[in-house]
Amino acid sequence: MDRREFLRQVAGWSAGALLASPLFQITPELMAAERPLPKVAIGTGGDITAFVQRVLAPLGGMKAFVKPGNRVVVKPNIGWDRRPEQAADTNPEVVKAVVSLALAAGAKEVLVFDNTCNEERRCYHQSGIKPVLEGMKNVRCDYIDKRKFVPVDISKGKSIHKWLFYRDALEADCYINVPVAKHHSLARLTIGLKNIMGVIGGYRGEIHQNIGQNLADLNTVIRPAVTIVDATRILLRNGPQGGSLRDVKVLNTILASPDVVAADAVATTLFGLKPAEIPATRAAAAMGLGEMNLARIQLIRV
Amino acid sequence: MKYRPTTRTFRRLSQFLFLVLFLVLFRKTDYSGSDTLPYAVNLFFRWDPLVAATVMLAARKVILILLPSLFVILLTVVLGRVFCGWICPMGTLLDWLDKGIHPPEHATVHLRKIKYLLLIVLLISSAFSLQLIGFLDPFSLLVRGAAFSIDPMLNWLFTGFFDTIYAHAPAVADHVTEPIYSVLKNGLLPFRQSFYFLSSFSLMILIAIGALEKLGKRFWCRNLCPLGALLAVFSRWSFFRRIPATSCKNCPQCAPNCRMNAFDPDTGKLHHEECNLCMDCVDDCVNQSPRFAFTRRSNHEPVNLGRRAFLGSALAGIALPVAAKVNAGPKTPNPFLLRPPGVENEEEFLSLCVRCGECMKVCIENALQPCFFESGYQGMFSPRLVPRLGYCEFNCTLCGQVCPTGAIPKLLLQAKQKAVIGIAVFDVNRCLPYANGIPCMVCEEHCPTSKKAILFRDKLVIDRKGEEVVVKQPYVVEDLCIGCGICENKCPLPGASAIRVLTANKGPGGNSGYGG
């Protein structure tokens, strides 16, 4: 092989490697015409681990979602450099409870992460989530690795058709959505559907220009096995990051549902709002991602 | 043969350990999961007597955190310039460099006095509040070179190598490379890739100091280093000295090999204040053994700077601050020159800042950047906030913690969260809700003050299709905005942000314009 041939081959190979970016094709799930009413379990108070367990019980418990040997992603909201009592991030005790229940159900490994808005080390520590998971076996609370964002075609998207998603979230055997319920000036509220912002990359600011439909589109790609809404403390004003304890209301409430839209719809009522007032809930329900009509949701109080 | 450690062994060990200390403190100059830094990462500046002297002269007060410098002075008064020979990481690096560079043996001694003249200029001008130490302090030069260029360069090379394998090599390779990468990331490499203005310039300064070794061993230390000059002054009183105080006649050993060129080329007498006590002359002696011992001070020749040179440097020390006073720059302040949180007065800040680079190294958002000519030549390498690169993290107080002189005040979190850096101003010609009638609220969402400094007004506008729509238009609440710059940083517009932080008016004397 002479030099010219060598250079030609190098050029050819590297071009091939560059062009062959990984592509995840998400097949549209079957849309059943007749669906059973989605269940939402809701409860208040008590020791958090037992409490989360109690809320999950009517849905079949954690074992209904996590199978032995599964690689589980627990996705809290760790977006902001705020302390737990400021209610801008998911309550670390709730995260810990969900992680331990997933491990108890036989998960091989549990990954906890979020693409943060403030500096990631500050968010992970200040939120209390990284410290609370410290020392737990088979649990990884790593910072986002920018190399793991892969482009995904959003075939069902109405407003966005391609975006970068985090590979660990796409590859999870079981994806557990653990949002905190809080006020948001543009999206009105941020709960389960908006929590997907933490597994996407790219210029996330652009999502806000048509936020309801964009969030619904993103939610066609990743469908949580179960959404566990942390409403132990909710942020009523100055969301999504708050900062003042005056804006926080202690509810000691947790609710859970396999249907993220139904979970959001019920959580919305905690703020005295109607599900249809939240653009993302409306758009997601219109796309058939779940049920937002409270009359058609089977609410189980525990 | 049995191994016998010589003085050289101990000296090299000491140099190595202090270099390691320097590097460890450099790496620890970072957020570690706790709001306060557990180590005195700025130690090298706090025991630097040149920093203490110029800063206290400029501030006209005693600055307590700089008192460790008394230790170095005491050390020098007792033992001489051991700091230069056994501790200083710049000296250590130059000694190592010499193994490859092979400096000439017979170097000139005439340039020696330059360091004293530079010291005089630095001290006198600092007494008139012009702080020029950043151009010449060895630790400032080292930390800046390491922080702005060498450290980011190493990270760029390593991550580039491992990322390429991760992206393009078969997955099997990851099993080998990724564990190595994670070990590197957890200990040796910085947490993230940072970027700095003046990265090349800072590197070139270090390269130039290294290249000067081609003119003679420890060229920087012998001829230029003003810290060395200051220690040389104190070492005149020291009583730990070489005996005898001359080199032996006709022996080619000590004098030509002396790394500080401390022996007079004509008389062979030792200029004790030049000696950095490396003691190679003891180890390498083939003749009658010289030794170092506590001894009475022998009368030795005074350092003769020359009256003209002395007066000239003193005059320069006076003239430079006066020239700075009549500089038009401060009369037309740069509206984008944002100083770190807590800095109130630009002039006072520049007189206290020693350009050590610690704040820019520690800034977790890579937001603090070195000035070039934005605040005149005298402000070069002083820190400024560049929000489009990084914003000031609301709950972070690290820059005030690492500042060795108090130029950036060490504020408690509550005070820091009220410290006004600047004020955000919308560019309504570009901001989406104003210019295009498109809803966008990224700036408001990120605004960290607990009563938000960015609010909305509903406004009926005509959008691009010519239709009337109600859109939320953001505006800044001036009393609440602290100018942290997260809005400018996160604005989703390409290129320049549609909201920019401008310098805030900080009372009389702080600004120009009407009445100023």
Side-chain angles (χ1 to χ4, degrees), chain A residues 13-14 16-22 79-83 86 88 117-126 130-131 134 142-148 150 183-187 190 194 197 202-212 235 237-248 279, chain B residues 30-35 159 162-170 174 178 181-182 185 191-193 363-367 390-396 398 417 432-433 436 438-452 454-456 472 474 484 486 489-494 497:
Chain A
W13 281 104
S14 39
L18 286 173
L19 292 173
S21 60
W80 304 98
D81 176 16
R82 296 292 193 202
R83 295 191 307 278
Q86 291 170 321
C117 297
N118 289 127
E119 209 266 351
E120 60 264 49
R121 288 171 295 175
R122 287 206 61 91
C123 294
Y124 273 52
H125 281 98
Q126 184 98 328
K130 194 171 175 69
E134 205 77 43
D142 293 339
Y143 302 113
I144 290 287
D145 181 347
K146 296 247 169 347
R147 306 175 301 178
K148 289 190 184 173
V150 291
H183 165 260
H184 190 278
S185 50
L186 189 70
T190 146
K194 179 135 194 314
M197 293 287 284
Y203 292 101
R204 295 189 291 167
E206 288 173 15
I207 297 288
H208 293 83
Q209 289 156 27
N210 181 10
I211 193 157
L235 190 59
R237 288 170 296 274
N238 287 315
Q241 53 170 322
S244 169
L245 297 185
R246 283 191 302 274
D247 300 335
V248 176
Chain B
D30 197 2
Y31 176 73
S32 61
S34 141
D35 286 344
T159 51
F162 287 106
D163 288 359
T164 309
I165 292 178
Y166 183 86
H168 300 304
D174 293 349
E178 286 302 296
Y181 188 34
S182 80
K185 278 192 90 128
F191 178 75
R192 72 170 77 225
Q193 178 69 53
C363 181
I364 53 174
E365 279 292 335
N366 197 199
Y391 60 93
C392 179
E393 193 66 83
F394 192 58
N395 291 331
C396 173
L398 293 178
Q417 291 178 338
L432 292 175
N436 294 351
I438 294 173
C440 176
M441 41 68 71
V442 177
C443 52
E444 186 267 0
E445 180 184 24
H446 285 84
C447 180
T449 54
S450 80
K451 247 175 137 183
K452 283 185 184 289
I454 297 178
L455 297 176
F456 292 117
K472 286 181 187 300
C484 71
I486 195 170
N489 184 263
K490 304 282 183 183
C491 174
L493 283 191
S497 171

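First the proteins, then the strands, lettered A, B, ... as listed; each starts at 1.
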Under the side chain to side chain contact (heavy atoms under 4.5 Å, CB included) criterion, do B:Asp35 and A:Arg122 qualify, and how do the steps go?
-> CA-CA 9 Å; B:Asp35 286 344; A:Arg122 287 206 61 91; 2.9 Å; yes

Evaluate side chain to side chain contact (heavy atoms under 4.5 Å, CB included) for A:Arg237 paired with B:Lys451, printing each intermediate quantity in order.
-> CA-CA 9 Å; A:Arg237 288 170 296 274; B:Lys451 247 175 137 183; over 6 Å; no

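Contacts between A:Tyr143 and chain B at a heavy-atom distance below 4.5 Å involve the side chain alone, from C-beta outward. With a 4.5 angstrom heavy-atom cutoff, B:Pro448 touches chain A via backbone and side-chain atoms both. Interface residue B:Ile364: backbone and side-chain heavy atoms are both found under 4.5 Å from chain A. Contact annotation for B:Lys490: only side-chain heavy atoms (C-beta onward) come within less than 4.5 Å of a heavy atom of chain A. At a 4.5 Å heavy-atom cutoff, the contact between B:Asp30 and chain A is made by side-chain atoms alone. At a 4.5 Å heavy-atom cutoff, the contact between B:Ile486 and chain A is made by side-chain atoms alone. Contacts between A:Asn210 and chain B at a heavy-atom distance below 4.5 Å are absent for every atom of the residue.
The greatest number of non-hydrogen atom pairs below 4.5 Å with chain A, out of B:Cys491, B:Ser32, B:Cys396, B:Gly390, is found for B:Cys396. With respect to chain B, the highest number of heavy-atom pairs below 4.5 Å among A:Lys130, A:Gln126, A:Gln241 belongs to A:Gln241. Chain B forms more heavy-atom pairs under 4.5 Å with one residue of A:Gly243, A:Pro131, A:Gly205, A:Gly239 than with any other, namely A:Gly205.
Atoms CZ and CZ, on B:Phe394 and A:Arg82 in that order, are 6.0 Å from each other to the nearest 0.5 Å. Expressed to the nearest 0.5 Å, how far CG of B:Asn395 lies from NE2 of A:His125 amounts to 14.5 Å.
For B:Glu445 against A:Pro240, the heavy-atom pair with the smallest separation is CG-CG, 3.3 Å. Across every non-hydrogen atom of A:Cys117 and B:Tyr391, the tightest pair is O-OH, 3.7 Å. The shortest heavy-atom contact between A:Glu206 and B:Pro492 is N-CB, 4.2 Å.
Residue B:Val442 forms a side-chain contact (heavy atoms from CB on, under 4.5 Å) with just one option from A:Gln209, A:His208, A:Arg204, and that option is A:His208.
By the side-chain contact (heavy atoms from CB on, under 4.5 Å) test, A:Arg147 is found to be paired with A:Asp145, B:Asp163, B:Tyr166, B:Glu178, B:Tyr181, residues two or more places apart in sequence or in another chain being considered.
The pair B:Glu393-A:Arg121 fails the salt-bridge criterion, with no side-chain N (NZ, NE, NH1 or NH2) lying under 4.0 Å from an Asp/Glu carboxylate O.
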